[in-house]
Asks: 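Quick one: structure below, then a few questions.
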Amino acid sequence: MLKRVWIRNMMRRFFIGGGLLVGLLIVAPHMVNAEIKYFDLTNPFLRKIPMAVPVFQSLGRNPTEMGQVTPYSDELMAMLEFSGYFKMLDRGSYLHDAQTSGITQNSINFQNWTTVGAELLITGGLRMEGEQLVSELRLFDTFKSKLLIGKRYRGRIEDRREVAKRFCSEVLLVLTGQPGFFDSQLAFVSNGSGHKEIYTCEFDGKNVRQVTKKRSITSFPAWSSTGRHLAYTSFDRGPVQIIIKDLKTMGESRVRYKGVQIAPAWVPNRFQLTATLSRGGDQEIYLLTGKGKMIKRLTNSRGIDVDASWSPDGKKIAFVSKRSGRPQIYIKAIETGRVQRLTFEGNYNTQPCWSPKGNLIAYSSMAQGEINIFVMDIERNDPIQLTFNQGDNEAPSWSPDGSLIAFSTTREGKSRIYVMTAYGTDQRRLMTMPGEQFHPRWSPNIPQ
C-alpha cells in the first residue's frame, strides 16, 4: 500500500459567505506531478467510467452529522453525473456497509468495488466540530487500489454545496486536466413573470435568481470575463437600450446611442464589449468600453452585421452578416481586418458561439422549417449537426471548459433550456420554470 502524506504547503483557504473553508491535499508522494489520463477529451465516443459514491460516514455519530451524510453524498454524486464523464452505480449493488466499512486507503476492500464494476470510488466522512462541519473526501482508483486525491474541508453546514462543487472541480482536474464548470452560472431569459426578464442559475439549474425586474422585454444576456458584469438589452425606457449591470454593486450603465442596440458580447479579459448598433442607418458591429462609450466600428458592409462572438484570445470575432444575401457566419481578424466566410451549407446560419479552446464554433441553422444546432471545426470547415427532429433548437452556449453546450429548445412545446455534451449526446432539460426560457449564456467559472 502506498503511504499517504499530508502536503501542508498545499493548504488553501477559501471564504464562502461568512465561513472559512480549508482544504488539505492528501496525495501519494509519486503522484504530485504525475499527469493522469483517464479521459480522451477529444474522443466523441467517450466511455463513461463507472463510479461508486457510497453514503458518507458520520465520524462523530451525532444527529447533526447523520442528517447530513445522505444529502451531502447525493448532491456530490449528482454534480459528477451531470458532467457526463461518469456512470454512477446503483447503491443497491454495493458489497459495502456505508456506516461501518473503511473510507481510507488502508481500510478499503477494493475487491468489493471492482467486483460490482466500480473503477472509481469516492468516500466521505463528516464530523461536527463546534458549529463547523469538517468533511474528508477522497477519490480512489479501485483497480490500482490507489488514492488519487483527498481533501479535508472545514466550513458551515450551509457551505455544503460549495464544498461539494470544490471537490468535484478537484476530481475533474486530476482525471481530465481541467477543473470543469462547477463554479459557473447560466444567464437566460424567462417570461414566467409575464414579462421577459433575465435570470441566473448555477451550472446544474439550481438556485435560480431573478436579475432584472424591468417589467418589459429584456434579452441577449452576456457575461464579462470576470463574471462580475452582465450586459443585456431592455425596452424599459422605450427604444431598446443595452444595459451593463455590475452584479456586485447592482449599479447600471446604459449605451446611449440612437437607433438599434442589440447583441452585446464581452471582449475576453478586457472591460470592453461589442454590440450591434444602427448609428449610420445600417446595423453594424461596434467596439465599446465597459461603460458603453464608443471605441471604434468593427464591421462595414452593405449587409446587416450582427451577433458577434469573440475568439478566446480576443483576436477575432465570428458574426452574422447578410452581405451575401442570406444570413451566414463570417470571421474577422481584428488586427488585419481580414474577413472570411465560415458557413456555406444552408441559407440561414446565425447565433455563432466560439468554444473556449478556440477550435470550434457552435451555431444555429435553419433547414426544412426547423432550427438545429451545429458545430463547425474552424480549420476543417466541416459542420456537424448535434440536434435532430425535435422542435427548434437554438442559441448554443459553451460551458467554460468546453465540455457541454447549453441551448434552448421547443421539443416539449414550450421553450426550455437544455444541455448536451459537445458531441450532442446526453441531451437533457436543465430546469422547469413557469412560462418559457430561452437564450442561455454560460458564465466563466466564478469561485464563491
Asks: Do the side chains of E379 and N359 get nearer than 4.5 Å, heavy atoms only?
Replies: no
Asks: Would a distance-only check, ignoring hydrogens and angles, find a side-chain to backbone donor-acceptor pair under 3.5 Å from Q328 to G346?
Replies: yes
Asks: From I361 CD1 over to S309 OG, what is the distance, rounded to the nearest 0.5 angstrom?
Replies: 7.0 Å
Asks: Determine, stepwise, if the pair T410 / D392 fulfils side-chain hydrogen bond (donor to acceptor under 3.5 Å, both in side chains).
Replies: CA-CA 5 Å; T410 60; D392 288 333; 4.6 Å; no
Asks: Using a strict threshold of under 4.0 Å (side-chain N to carboxylate O), is an ion pair present between K48 and D426?
Replies: yes
Asks: Could you check whether any side-chain N or O of T425 sits under 3.5 Å from a backbone N or O of T421, counting only pairs where one atom can act as donor and the other as acceptor?
Replies: no
Asks: Within 45° of the axis and under 6.0 Å from the centre of the six-membered ring of Y153, does NZ or CZ of R166 qualify?
Replies: no
Asks: Looking at Q210, R441, R209, which hits side chain to side chain contact (heavy atoms under 4.5 Å, CB included) with T200?
Replies: R209
Asks: Just wondering, do Y330 and L342 contact through their side chains at under 4.5 Å, heavy atoms?
Replies: no
Asks: Measuring from S83:OG to D204:CG, what's the distance to the nearest 0.5 Å?
Replies: 11.5 Å
Asks: Check whether the side chains of R411 and T409 place a donor and an acceptor atom closer than 3.5 Å, and report yes or no.
Replies: yes
Asks: Quick check: does any side chain N or O of Q385 sit under 3.5 Å from a backbone N or O of T387, one acting as donor and the other as acceptor?
Replies: yes
Asks: Ignoring hydrogens and angles, tell me if any N or O in the side chain of Q351 forms a donor-acceptor pair with the backbone of S364 under 3.5 Å.
Replies: no
Asks: Could you tell me whether D74 and R91 have a side-chain N and a carboxylate O separated by less than 4.0 Å?
Replies: yes
Asks: Taking the side chain as everything from C-beta on, heavy atoms only, tell me whether E370 gets closer than 4.5 Å to N389.
Replies: yes
Asks: For a 4.5 angstrom cut-off between non-hydrogen side-chain atoms, does W310 reach Q272?
Replies: no
Asks: Could you give me the CA-CA distance, side-chain angles and deciding distance for F319 and L298, then say whether side chain to side chain contact (heavy atoms under 4.5 Å, CB included) is met?
Replies: CA-CA 11 Å; F319 63 99; L298 294 183; over 6 Å; no
Asks: Measuring from R297:CZ to N300:CG, what's the distance to the nearest 0.5 Å?
Replies: 4.0 Å
Asks: Does D305 form a side chain to side chain contact (heavy atoms under 4.5 Å, CB included) with V320? I'd like the steps, not just the answer.
Replies: CA-CA 6 Å; D305 296 331; V320 178; over 6 Å; no
Asks: Tell me whether the rings of F56 and Y72 are parallel (<30°), tilted (30 to 60°) or perpendicular (>60°).
Replies: perpendicular
Asks: Test the R428-F82 pair against the cation-pi criterion, namely NZ or CZ under 6.0 angstrom from the six-membered ring centroid and within 45° of the ring axis.
Replies: yes
Asks: For R254, I'd like to know if atom CZ has over 12 heavy atoms of other residues, nucleotides or ligands within 6.0 Å.
Replies: yes
Asks: Rounded to the nearest 0.5 Å, what separates atom OH in Y363 from atom OG1 in T350?
Replies: 10.5 Å
Asks: Between G180 and N445, what is the shortest heavy-atom contact and its length?
Replies: O-ND2, 3.0 Å
Asks: Determine the minimum heavy-atom distance between V116 and L89, stating which atoms define it.
Replies: O-CD1, 3.7 Å
Asks: Carefully, step by step, assess R228 and T226 under the rule side-chain hydrogen bond (donor to acceptor under 3.5 Å, both in side chains).
Replies: CA-CA 5 Å; R228 175 167 174 170; T226 63; over 6 Å; no
Asks: So does K214 have more than 12 non-hydrogen atoms from other groups sitting under 6.0 Å from NZ?
Replies: yes
Asks: Whether the side chain of E284 engages the backbone of S301 through a donor-acceptor N/O pair (distance < 3.5 Å, no angle test) should be reported.
Replies: yes
Asks: Closest heavy-atom contact between P268 and S311?
Replies: CG-O, 3.3 Å
Asks: Hey, is OH on Y348 packed in by over 12 heavy atoms from elsewhere, all under 6.0 Å?
Replies: no
Asks: Work out which heavy atom in G150 is nearest to a heavy atom in L147; give both atom names and the distance.
Replies: N-CD1, 4.5 Å
Asks: Could you tell me which non-hydrogen atom of P312 sits nearest to which non-hydrogen atom of W354, and how far apart they are?
Replies: CD-CD1, 3.8 Å
Asks: Is there a side-chain contact between V339 and T299, using heavy atoms and a 4.5 Å cut-off?
Replies: no
Asks: Taking CD in E412 as the centre, count heavy atoms belonging to other residues, nucleotides or ligands within less than 6.0 Å. Is the count above 12?
Replies: yes
Asks: Should the ring pair F203 and F182 be called parallel, tilted or perpendicular, given that the plane angle runs from 0 to 90° and is split at 30 and 60?
Replies: perpendicular
Asks: Would you say D307 and T276 make side-chain contact, with heavy atoms under 4.5 Å?
Replies: no
Asks: Any donor and acceptor pair, going by atom type alone, linking the side chain of T218 with main-chain N or O of K196 inside 3.5 Å?
Replies: yes
Asks: Around atom CZ of R302, are there more than 12 heavy atoms of other residues, nucleotides or ligands at under 6.0 Å?
Replies: no
Asks: For D382, is there any backbone N or O sitting under 3.5 Å from a side-chain donor or acceptor partner on D377?
Replies: no
Asks: Between M79 and R161, is any pair of side-chain heavy atoms under 4.5 Å apart?
Replies: yes
Asks: Run H439 and Y232 through side chain to side chain contact (heavy atoms under 4.5 Å, CB included) and show every step you take.
Replies: CA-CA 11 Å; H439 208 100; Y232 53 89; over 6 Å; no
Asks: So R323 and S321, side-chain hydrogen bond (donor to acceptor under 3.5 Å, both in side chains) or not? Walk me through it.
Replies: CA-CA 5 Å; R323 62 187 65 189; S321 178; 2.8 Å; yes
Asks: Is there a donor-acceptor pair closer than 3.5 Å between any side-chain N or O of S415 and the backbone N or O of Q437?
Replies: yes
Asks: Quick check for you: to the nearest 0.5 Å, what is the distance between I331 atom CD1 and M376 atom CE?
Replies: 8.5 Å
Asks: Do D401 and P179 have side-chain heavy atoms sitting under 4.5 Å apart?
Replies: no
Asks: Would the number of heavy atoms belonging to other residues, nucleotides or ligands and lying under 6.0 Å from CZ of R47 be above 12?
Replies: yes
Asks: Mark yes when over 12 heavy atoms from residues, nucleotides or ligands other than R341 sit less than 6.0 Å from its CZ; otherwise mark no.
Replies: yes
Asks: Report yes or no: does N191 contribute a side-chain atom to a donor-acceptor pair with the main-chain N or O of E436 at less than 3.5 Å?
Replies: yes
Asks: Could you tell me the separation between the OG1 atom of T233 and the CD1 atom of I243, rounded to the nearest 0.5 Å?
Replies: 8.5 Å
Asks: Quick one: does any side-chain atom of W398 pair with a main-chain N or O of C353 as donor and acceptor, under 3.5 Å?
Replies: yes
Asks: Could you tell me whether K316 atom NZ has more than 12 heavy atoms of other residues or ligands within 6.0 Å of it?
Replies: no
Asks: Passes side chain to side chain contact (heavy atoms under 4.5 Å, CB included), L386 versus F407? Steps please.
Replies: CA-CA 11 Å; L386 301 185; F407 61 102; over 6 Å; no
